[in-house]
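The next block holds one structure in the form of structure tokens; read it before the comments.
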Amino acid sequence: MIKKAILPAAGLGTRFLPVTKASPKEMLPIVDKPLIQYSVEECERYGIDEFIIITGKNKRAIEDHFDYSFELEETLKQKGLHTLLDEINQHSNSSFAFIRQSKPLGLGHAILCSKPFVKDEAFAVLLGDDIIDPDETLLSDMIKIYQQYRSPVIALQEVPKKDVSKYGIIDGDHVSDVIIKIKSLVEKPKMEDSPSNYAVIGRYILTNDIFDVLENIQPGSGGEYQLTDALSLLLEKRDIYGYLFKGKRYDAGDKFGFLQATINLSLKRPEFASILKDYLISLTKTF
Ligand code: UTP
């Protein structure tokens, strides 16, 4: 069983400036839920209920969001707003711990900050700005692969060749249509040097031995401590598998990806599905 998830949320969110100057990117709402809540709910669907959130400067709102709010609950109770009360309480069976990454030194460094709180256990890592459509079963499929191979598993998605320089990219051999035994990983390669167009996306099942490797890596691409570099070193010691995800994912850390996520996830909400669809159709007639 995987019970624990690490959610790194200490990045600067430069692609989303100016709003991220003083507000966490992870709290940007898709309709009425902040981005990070989608990742928390994704985990809870598969029995993960211990969360370690890595935060940094200007990220206090994330802590408040998952904390108990006495005044708000009392007010909602008095007003008989029980549906809203249930909604704000829906994570009350999960536990949340917050660790501050004092400087945004990279994703690898952010994960290393959680070392004192992770025992000898496998755990999930979710990057909150990668929104996986709630109807997809990516995380549960990855957990099954971990259970089969007892090896780290990383989520992959095919990206257009022109985009490889935005991602960590792998080289590997297909074990099945969707399972890939990884041979190498490289962070943000140039298009002409890229070993494939299989990009690492923001879902990982990792094992405790990643911490020893993270402690020994040097700053890599962009001067940051990269998780991809640590995985590359770990590969010298043990197998790592990739899971080729073919479902819907939105890069909500990017402005256009965020707009796509907002429209698509709103269309799934029963209260908006029909009126939003009609509205979008009416817009197309005006172009
Ligand atoms: P990104 O590469 O998306 O960086 O980080 P970012 O700062 O969030 O956004 P941009 O690219 O500047 O617009 C991937 C994930 O790693 C976390 C981020 O919060 C995000 O979830 N991260 C990154 C950290 O927690 N600490 C870091 O030092 C860097």
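Ligands are counted one by one from 1 in listed order, and the atoms in each one are counted from 1 as well. On a predicted model such as this, the values are computed, not experimentally measured, just so you know. For the single chain, residues carry numbers from 1 onward in sequence order.
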Exercise. Is Asp129 touching ligand 1 with its side chain, its backbone, both, or neither, if touching means heavy atoms under 4.0 Å apart?
Worked result: side chain
Exercise. Does some non-hydrogen atom of the protein lie less than 4.0 angstrom from atom 2 (O) of ligand 1?
Worked result: no
Exercise. Cation over ring, Lys33 on Tyr38, under 6.0 Å and within 45°?
Worked result: yes
Exercise. So, is Arg15 polar-close to ligand 1, with some N/O to N/O distance under 3.5 Å?
Worked result: yes
Seminar exercise, completed: among protein heavy atoms, the one nearest atom 19 (O) of ligand 1 is Gly11 N, 2.9 Å
For this session: Please confirm whether Leu127 comes within less than 3.5 Å of ligand 1 when only nitrogen or oxygen atoms on both sides are compared.
Result: no
Problem set entry | Gln101 and ligand 1 - part of the residue with a heavy-atom distance under 4.0 Å | side chain
Problem set entry | Location of contacts on Glu26 toward ligand 1, heavy atoms closer than 4.0 Å | side chain
Seminar exercise, completed: Output for pair (Ile62 CD1, Gln37 CD), nearest 0.5 Å, gives 12.0 Å
Problem set entry | Shortest non-hydrogen contact from Leu35 toward Lys25 | CD1-O, 3.5 Å
Exercise. Using a heavy-atom cut-off of under 4.0 Å, does the side chain or the backbone of Ile54 touch ligand 1, or both, or neither?
Worked result: neither
Problem set entry | Ile263 CD1 to Phe258 CZ distance, which is reported to the nearest 0.5 Å | 11.0 Å
Exercise. Are a donor atom and an acceptor atom from the side chains of Ser140 and Arg45 found within less than 3.5 Å of each other?
Worked result: no
